[in-house]
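Presented below is the structure to which this report refers.
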Amino acid sequence: AQKITQTQPGMFVQEKEAVTLDCTYDTSDPSYGLFWYKQPSSGEMIFLIYQGSYDQQNATEGRYSLNFQKARKSANLVISASQLGDSAMYFCAMSFPNTGNQFYFGTGTSLTVIP
Amino acid sequence: DVKVTQSSRYLVKRTGEKVFLECVQDMDHENMFWYRQDPGLGLRLIYFSYDVKMKEKGDIPEGYSVSREKKERFSLILESASTNQTSMYLCASSLLGSSWEKLFFGSGTQLSVL
């Protein structure tokens with residue numbers, strides 16, 4: 001069975017500091033993709049970053065980086081230089097191309113950036 | 001600008017009513033999905049479709065049905081709404097690619113069943 005776990009229901013970070021949001025996953029499928037989405041209070045889900053299971057290097061997108069540790073089955077999101085606009089829910093997700101691109105989501109982490 | 005559009009942002013219905021949630025995408029995506037989002041439970045897949053007139057059950061299909069008569073439109077139907085179906089409903093779409101295609105989401109419909 002596929003499972004995504006986010007153990008931090010809520011996190012606080014000081015503006016301009018870095019923060020790490022944890023995500024672990026469980027699958028026996030060797031081929032998968034890992035994603036992070038941001039959901040501000042407006043409700044829309046915004047794609048942040050993606051990592052493929054065969055990618056050797058950690059993915060980076062601007063201030064976002066994905067700390068991919070395959071042996072530990074973890075895919076933590078690192079946000080550098082936090083901004084007030086980063087306050088939102090963050091969801092980790094996993095997808096499998098062999099299942100019609102079905103996504104499995106974690107329960108989310110609520111991040112609050114403190115001025 | 002590519003878009004997934006959900007017909008209503010907020011909806012209030014009575015128990016027992018038949019409810020239609022509509023979703024339209026303009027990206028010519030093959031895959032479309034309906035998720036339900038509840039606090040502490042994350043997003044749970046209700047149904048998905050990878051082609052016109054095709055549908056597959058997700059993790060929580062009970063009490064729901066779907067319709068996909070055209071490629072761009074995917075409807076979620078609550079045959080007889082119940083209070084435990086009060087939730088945020090998110091529609092998403094993606095390409096049927098060989099790699100891992102990201103999901104594009106609509107802005108969600110907050111449904112309240114009274």
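Here is the naming used below: chain letters follow the sequence lines, and residue numbers restart at 1 for every chain. These numbers come from the heavy atoms of this one structure, side chains and all, not from hydrogens, waters or symmetry mates.
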Validation row: B/L90, A/Q39 side chains within 4.5 angstrom (heavy atoms): yes
Counting only heavy atoms not in A/K70, do more than 12 fall under 6.0 Å of its NZ? yes
How many angstroms lie between atom CZ of A/F103 and atom CG of B/L45, to the nearest 0.5 angstrom? 11.0 Å
Say you draw a straight line from CD of B/E101 to OG of A/S95; how long is it, rounded to the nearest 0.5 Å? 9.0 Å
What part of B/R44 is in contact with chain A, defined as an atom under 4.5 angstrom from a non-hydrogen atom: side chain, backbone, both or neither? neither
With hydrophobic residues grouped by side-chain heavy-atom distances under 4.5 Å, do [X] and [Y] end up in a single group?
X: B/I46; Y: B/M54; result: no
X: A/F96; Y: A/F68; result: yes
X: A/F47; Y: B/F48; result: yes
X: B/Y47; Y: B/V4; result: no
X: B/L103; Y: A/F35; result: yes

Of all heavy-atom pairs linking B/L41 and A/T107, the shortest is C-CG2, 3.9 Å
Checking A/Y37 against chain B: side chain, backbone, both or neither under 4.5 Å from a heavy atom? side chain
Is A/S31 in contact with chain B via its backbone, its side chain, both, or neither, using a 4.5 Å heavy-atom distance? both
So which bits of residues 105-114 of chain B come within less than 4.5 Å of chain A, counting non-hydrogen atoms only? B/F105, B/G106, B/S107
Just to be sure I understand the criterion: a residue of residues 69-79 of chain B counts if one of its heavy atoms is under 4.5 Å from a heavy atom of chain A. Which ones qualify? none
Most contacts with chain B, counted as non-hydrogen pairs under 4.5 angstrom, among A/Q6, A/M45, A/E44: A/M45
Just checking, any donor-acceptor pair under 3.5 angstrom between side chains of A/Q102 and B/E56? no
